[in-house]
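The structure appears below as structure tokens.
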Amino acid sequence: MSTIKYEIEFFSNWHCGSGLAAGADVDALVIKDRNGLPYVPGRTLKGLLRDAATNLSVEKEIVSTVFGVSGDEDDHKTGCSFFGNATIPSVEYQYIVENGLAPHLYQTFASTRIDENGIAKDNTLRKIETVVPCKLEGEILNVPAGAEQTIEYAMCFIKRMGTGRNRGYGRCKLSIKKEV
């Protein structure tokens with residue numbers, strides 16, 4: 001078993017939702033850690049990679065071994081690999097926390113529904129909190145021998161991540177961090 005260290009480079013604002021809102025101000029907040037910094041949950045990455053590997057017709061045995069098999073209690077199987085959260089690299093993380101810069105990582109965007117006459121429809125104003133483009137890094141633990149190449153290949157097919165992918169949010173590139 002090995003560990004894969006990876007990087008996510010965002011080229012546009014992105015939003016991985018927390019399921020929370022900020023009252024009347026913002027309808028959808030970004031998921032944040034205890035210091036108020038954004039991250040991509042490991043389960044989000046795992047789902048995207050599983051979907052990519054399945055669509056690429058990777059051997060079912062590799063997919064089920066790494067990601068697991070969902071189903072009812074009788075045929076449910078947990079995958080052997082653990083997908084950690086992708087976070088801001090530690091040096092930048094520490095600098096942001098120490099200098100109180102976390103609020104500068106976020107932008108709020110508003111949108112509304114327009115009717116056929118070009119007029120905004122009542123009660124359709126929505127605001128979403130996004131994170132400015134940045135780099136995150138994470139690890140995938142307990143990767144079986146031979147599955148590293150499959151995961152790296154699947155990463156090439158993930159071009160967007162998070163909410164609003166069809167609206168231009170979350171454009172990204174995933175890559176394996178090679179040891180120097």
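Here the structure is a predicted model, which is why all the values come from computation and not from measurement. We count residues from 1, following the sequence as given.
- Checked by atom type and distance alone, the side chain of Lys32 never pairs as donor or acceptor with a backbone atom of Leu29 at under 3.5 Å.
- In terms of heavy-atom proximity, Ala53 sits nearest to Ala154 at N-CB, 4.2 Å.
- Put simply, CG on Leu48 and CZ on Arg43 are 12.0 Å apart, with the number rounded to the nearest 0.5 Å.
- In this structure the side chain of Leu105 never reaches within 4.5 angstrom of the side chain of Cys134, judged on heavy atoms.
- Aromatic ring orientation, Phe10 versus Trp14: parallel (interplanar angle below 30°, classes split at 30° and 60°).
- Counting heavy atoms from C-beta on, the side chains of Met1 and Pro144 come closer than 4.5 Å.
- The shortest side-chain heavy-atom distance between Phe67 and Leu49 falls under the 4.5 Å cut-off.
- Two residues are said to be in side-chain contact when any heavy atoms from C-beta on lie closer than 4.5 Å; Thr3 and Ile140 fail this criterion.
- A heavy-atom distance below 4.5 Å is found between the side chains of Glu129 and Tyr106.
- In this structure, CG in Leu174 is found 9.0 Å from NZ in Lys159, a value given to the nearest 0.5 Å.
- In this structure a side-chain-to-backbone donor-acceptor pair under 3.5 Å is present from Thr130 to Gln107.
- For the pair Val66 and Thr150, the minimum side-chain heavy-atom distance is 4.5 Å or more.
- The salt bridge (charged side-chain N to carboxylate O under 4.0 Å, His left out) test with Lys177 is passed by exactly one of Glu137, Glu139, Glu152: Glu137.
- Grouping the Ile, Leu, Val, Met, Phe, Trp and Tyr side chains by contacts below 4.5 angstrom, directly or via other members, places Leu101 with Val30.
- Atom-to-atom distance recorded for Cys156:SG and Lys173:NZ is 8.5 Å, nearest 0.5 angstrom.
- Remark: the backbone N or O of Val40 is not paired with any side-chain donor or acceptor of Thr44 at under 3.5 angstrom.
- Phe11 belongs to no multi-residue hydrophobic cluster, having no ILVMFWY side-chain contact under 4.5 Å with any other such residue.
- A salt bridge is absent between Arg171 and Glu9: the closest approach of a Lys/Arg side-chain nitrogen to an acidic carboxylate oxygen does not fall below 4.0 angstrom.
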Problem set entry | Leu45 and Tyr6: CA distance, side-chain angles, deciding distance, side chain to side chain contact (heavy atoms under 4.5 Å, CB included) verdict | CA-CA 11 Å; Leu45 180 68; Tyr6 65 91; 3.2 Å; yes
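- Looking only at atom types and distance, the side chain of Asp33 has a donor-acceptor partner in the side chain of Tyr93 under 3.5 Å away.
- For Ser175, the side-chain contact (heavy atoms from CB on, under 4.5 Å) criterion is met by Glu7, not counting sequence neighbours.
- Residues Tyr39 and Leu141 are members of separate hydrophobic clusters, defined by side-chain heavy-atom contacts under 4.5 angstrom among Ile, Leu, Val, Met, Phe, Trp and Tyr.
- Residues Pro41 and Ile31 are in side-chain contact: their nearest non-hydrogen atoms beyond the backbone lie under 4.5 Å apart.
- Within the 3.5 Å criterion, the main-chain N or O of Gly146 finds a donor-acceptor partner in the side chain of Glu148.
- Following chains of ILVMFWY side-chain contacts shorter than 4.5 Å, one can reach Tyr95 starting from Val131, so the two form part of one hydrophobic cluster.
- In this structure, CD1 on Ile4 lies 10.5 Å from CD on Gln149, to the nearest 0.5 angstrom.
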Show every donor-acceptor pair shorter than 3.5 Å between a side-chain atom in residues 81-88 and any protein atom, with sequence neighbours excluded, or say none if there are none.
unit_1: Ser81; atom_1: OG; unit_2: Asn142; atom_2: O; d: 3.0
unit_1: Asn85; atom_1: OD1; unit_2: Gly42; atom_2: N; d: 2.8

